[in-house]
Structure formats: structure tokens, C-alpha cells
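The first residue in the sequence is number 1, and the count goes up from there.
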Amino acid sequence: MILNIIPKPNKVELLPGMVDISSLPREYEQNDFYPDEYYRIEIKDGKILIATKGEQGKFYAEQTLRQMAVMGKVPNCIITDLPEFPYRGFMIDSARHMQTIDEIKKYIEAATLFKFNVFHWHLCDDQGFRIESEKYPLLNEKGSWRSCHGFGSKNMEKYGGYYTKEEIRDIIAFCKERFIEVIPEIDMPGHTTAVVSSYPELSCRGVQIPLETTGGIFKNILCAGKEEVYEFCCGLLDEIMELFPTDYIHIGGDEAPKARWCNCDKCQQVIRQHGLKNEEELQGFFVNRIIAYLKKKGKKALCWNESLNSGLLDNSAIICDWMDRKHLSEDYANKGGKIIIEEFYRYYLDYPYGMTPLKKTYDYNPYLEKLNFTGRQNVIGVETPIWTEYIEDFDRLCYMCFPRMIAVAERGWTSPKNADYESFKKRVRNCDGLLKEIGIKIADSTEWDPDITVRINDQLDRLKTVLSPESVKTFLFPNKDD
Ligand code: ACM
Ligand code: ZN
């Protein structure tokens, strides 16, 4: 018999006899010796005994019991459980399309059920800036609004908005009650069209540009040669640190084409002045200045793996490994740096099931091949992002994420030696009712692992959507200015 629990507990001892746990009295045992996230549940002798160090373990035991309650009668048993990784994150992109506060809370409720403990909130990008800023009001007056709703659509209806500080505090408090830490992302130096369209003087050319209205990689990044850019970034981060109580700030660092930097006197002057070899090293210089500022404030930075390309990155940065063909993240971990696995072909949930079937997500082992013993210790966890360029409503978002995000939850918690895809699929079906109660509609099981025809069609469709001539050009020639 399988117990309906996701993530699969790391140790279950079945005992004789079946019971209805809803009617059993509960007892609690506290022990300082246990790790924070550990819990033990003993269902026997007509009672439930929960043992933990404190409230977090108790909360996870509750999630396990919530799922078991759906099964009706369950066997007497002893469950002893502790996560594989300390970092189990989900990311929502609210920059491309916003979700309502109520929708975000539903997603968090679902993540709670599966013991996620980090909400990485992607709040600023080329197509919109989504945090209320009192210090830099143009980020909201200009940077929060673009000239169309759907990407690439002919409908030029103005679209946008931002979350007020009160709404953001509400989400942070909601997460705190569920032992989830909220880490905001302020992407820099690239993915900053919303910033430079609000404050054009922060770009190399200083010209007024509109927000982007399609997906892609864009050249109008922050200038790395102007002192006022560093002042702006630190000033904005001050406001962010005041709002978000976390010790961790994600500073992006991904997809920053160097075309403007190559042709900017000020950027070139910094390269010469600091003896940097090229624009890639200039990005290392930029990011390290920001990391040093955060360090002074007692905070740690997370960065996407491109920040390793300079070879200069401060080793306190935590690397989010999403697409790293050169295996720089593994080298970094092998030398002592911390990494989080967010693999594009497995953990990115905005791609169709034909491209990323559920089994492919589930079967991916976050302990990457090139990690040595030290490197394995430095994988602090997993994270699964949902990017929303082509996801305009919450039902679509849920369809894309569920059940694939649940698979990542299991890989974040359950030891690889206990992973079991066939039982996972059955357990997901048993969770359907709980997710419906929360307001989450999951993809039908016939869609989870499509056959070869659907796989080919989905991949062709997806390519057609994302490959605009402009983004192909930028991808192929990131340093070519025009
Ligand atoms: C990313 O997908 N650009 C991190
Ligand atoms: Zn510049």
C-alpha cells in the first residue's frame, strides 16, 4: 500500500491495523536535538504522536497529515522525515503578466501543501516594473505600464500596474505563517528596459525608449560606466531591503547583451581604469559592487548563472543554475560556492508538456554529474520558475505548473534513492481534491507525458512563438550595436 503523501517521506514503517486519523487524539513531543525541518509522526495505539524541534517541523507534520486524511483509513505507521535540501523554491514572474494577490495566495497555499520554503518573486523586467517605489516614482508612473496586454498581439490596450507596499507586506506575512521566505528579484544590469524607460539617463545612450511588448533579450541595459547607475541600484535596493525582511536578494545578472557597453565611452573608461579584459569582466565588476553593498547591509546575493561568465564573481553569491552549457556552476560548487538547480529543460514550467513532460521533470537528479564530493554538499536546493510571457491568466498558469511543480517539490525534499515516478503519479491524483479546494486546476493526467507526435508539434509551436527576428538577432549577435 502506498501512503498518499507528497513529497514522499524519507522513512515510513508500516505497522499492523488501519485507522481513521480524523478521530484520533494528538500528542506532541518537543526535542531541541532535532533539525528545524524534521518531523516524526507515530500513528499507533489509538493516537497520533508528533515529535519536532519546534513550529516548522510541526507545520510540516500537519501538511503530511492533511494529505493522509484524504485517504480515509490509513495504516498505523511511523513516519520519520527530513528534507534532502534546505532550499526548495518556486518562482513566479509577475513582471510579464501580473497575478492578483488572491491568485498568488492560492499558489502559495498549494506550495505549502508540498513543503516548499522559498517564494522567489520576479518583479521587474523589460516589460514592467511591479513594486511600488516611493524613492523612484517614475518606475511606477512610466515603468509599470506598457502599450499592449498580450505579447506580440495587435491589441494595443495599455497594460500594467504594480503591487503596493501594503500588498507585498500582506504576501510576506502570508508566507511567513507558512514558513516560506519571500526573496525578491531586482534584475540587473540586463532585463532593465522598464528601469531605463523610466530613467533614460541610466542607460548608455540616455535616450527615451518604450517598455518592451514581446518576449526576448534586449540591448538597452544599465550603463556600467555611470556612477549614478550604482547610486540608483543601491538606493533601490535600500528600499527593497526595507520592504522585504529576508537576508537574501536576487540580483538577476542573466541575459545582458553587451552591445551598448561596447560602444559607450563611459563603460570603456571603467574597463581601462580597472584593468578589465572585456565587457564580460565589466559585468563581473558591476555585480561585485552590488554584492559588496548588500554584504555591508548584512545581505546575501543570488544571481543567475551568467554572472559566472566573468570569472570574477565574489564567491559569497548563490548561483541559480538555469542554463549553463560550460558547467561553470558545477566548478563553482566544487570550489565551495553555493548553487540552486533550476534547469531550463526540466524545471522551467512555461514550456509545454510536449517539451517538458512530467517524467522528464521528475527524473532529473539535481546532483549534477560533474559535482565532486564538495560540490554535492554545495547544492543547497532546487527551484522551479514559471515565466509568464505567454501566460496571461491564472488557470493557464496552474495548468502549466501542476503537477510539474509538485515533481520539483518532491525532488527538493525526498532523497534521490527514494524517488519513484510511478508512485508519484498515483499520489498526485490523490491530491487533486485538496488542490481543487484551494482553487487550483491541474492538467489532466492524459497530458502529463505526451506521445511523440504531440512532443514534436509542441516543440515546433513553441519555437514559432519565441523566435521573433529581433530576439534571434540579439541571441546570435549580443555585442552588435545598432
Ligand atoms: C532566465 O531564464 N533568463 C533566468
Ligand atoms: Zn555605458
**Prompt:** Is there a side chain to side chain contact (heavy atoms under 4.5 Å, CB included) between Phe244 and Ile168 once you walk through the steps?
**Reply:** CA-CA 8 Å; Phe244 290 85; Ile168 291 172; 3.5 Å; yes

**Asked** Should Leu460 and Ile456 be marked as a side chain to side chain contact (heavy atoms under 4.5 Å, CB included) after you check the CA-CA gap, both sets of side-chain angles, and the distance that decides it?
**Response** CA-CA 6 Å; Leu460 290 176; Ile456 292 169; 4.1 Å; yes

**Request:** Determine, stepwise, if the pair Tyr107 / Phe402 fulfils ring pair (Phe, Tyr, Trp, His ring centres under 6.0 Å).
**Result:** CA-CA 10 Å; Tyr107 198 96; Phe402 296 90; 5.5 Å; yes

**Asked** Could you go step by step and tell me if Asp314 and Lys295 meet the salt bridge (Lys or Arg N to Asp or Glu O under 4.0 Å) rule?
**Response** CA-CA 11 Å; Asp314 185 289; Lys295 247 192 213 173; 3.2 Å; yes

**Request:** Could you check Ile186 against Leu123 for side chain to side chain contact (heavy atoms under 4.5 Å, CB included), going step by step and ending with a plain yes or no?
**Result:** CA-CA 7 Å; Ile186 308 297; Leu123 285 158; 5.6 Å; no

**Prompt:** Under the side chain to side chain contact (heavy atoms under 4.5 Å, CB included) criterion, do Asn117 and Phe179 qualify, and how do the steps go?
**Reply:** CA-CA 6 Å; Asn117 64 359; Phe179 297 91; 5.8 Å; no

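No salt bridge links Asp331 with Lys370; every basic N to acidic carboxylate O contact stays at or beyond 4.0 Å. Using a cut-off of 4.0 Å between Lys/Arg side-chain N and Asp/Glu carboxylate O, Asp395 and Lys441 are scored as salt-bridged. Residues Lys326 and Glu306 are not paired through a salt bridge, judged by the lack of any N-O separation under 4.0 Å between the basic side chain and the carboxylate. A salt bridge is defined here as a Lys NZ or Arg NE, NH1 or NH2 lying under 4.0 Å from an Asp or Glu carboxylate O, and Lys8 with Glu410 fails to meet this definition.
Taking the side chain as every heavy atom from C-beta outward, Pro385 and His122 never approach each other to under 4.5 Å. Contact annotation: the side chain of Tyr60 approaches that of Glu37 to within less than 4.5 Å [non-hydrogen atoms, C-beta and beyond]. By the 4.5 Å heavy-atom criterion applied to side chains, Arg146 and Phe151 are counted as neighbours. You'll find the side chain of Glu342 reaches within 4.5 Å of the side chain of Cys320, heavy atoms only. Side-chain contact between Cys264 and Cys223 is present, with at least one heavy-atom pair separated by less than 4.5 Å. Leu302 places a side-chain heavy atom less than 4.5 Å from the side chain of Tyr87. A heavy-atom distance below 4.5 Å is found between the side chains of Ile172 and Pro245. At a threshold of 4.5 Å between non-hydrogen side-chain atoms, the residues Ile131 and Leu243 count as touching.
For Arg289 and Tyr230, the positive end sits near the middle of the six-membered ring, less than 6.0 Å away and at most 45° from its axis. Stacking of Arg376 on the aromatic ring of Tyr367 is recorded, both the 6.0 Å distance cut-off and the 45° axial limit being met.
Checking Val118, Ile108, Val382 one by one against Phe90, the side-chain contact (heavy atoms from CB on, under 4.5 Å) holds for a single residue, Ile108. Checked options Trp448, Tyr362, Phe114; the residue passing with Phe424 is Tyr362 (criterion: ring pair (Phe, Tyr, Trp, His ring centres under 6.0 Å)). A side-chain contact (heavy atoms from CB on, under 4.5 Å) with Thr356 is found for one member of Asp350, Asp458, Thr361 and no other, namely Thr361. Partner of Met405 under the side-chain contact (heavy atoms from CB on, under 4.5 Å) criterion, out of Ile442, Ile386, Thr384: Thr384 alone.
Rounded to the nearest 0.5 angstrom, Phe232 CZ and Leu202 CG are separated by 5.5 Å.
The salt bridge (charged side-chain N to carboxylate O under 4.0 Å, His left out) pairs that include a residue from residues 161-189 are Lys105-Asp170, Glu109-Arg178, Glu134-Lys165, Lys165-Glu239, where partners are two or more places apart or lie in different chains. Residue pairs meeting the salt bridge (charged side-chain N to carboxylate O under 4.0 Å, His left out) criterion with at least one member in residues 113-129, sequence neighbours excluded: Arg96-Asp125.
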Solution key, residues 248-257 side-chain donor-acceptor pairs under 3.5 Å, sequence neighbours excluded:
from: His250; atom 1: ND1; to: Gly252; atom 2: N; distance (Å): 3.0
from: Asp254; atom 1: OD2; to: His191; atom 2: NE2; distance (Å): 3.4
from: Glu255; atom 1: OE1; to: His191; atom 2: NE2; distance (Å): 2.7

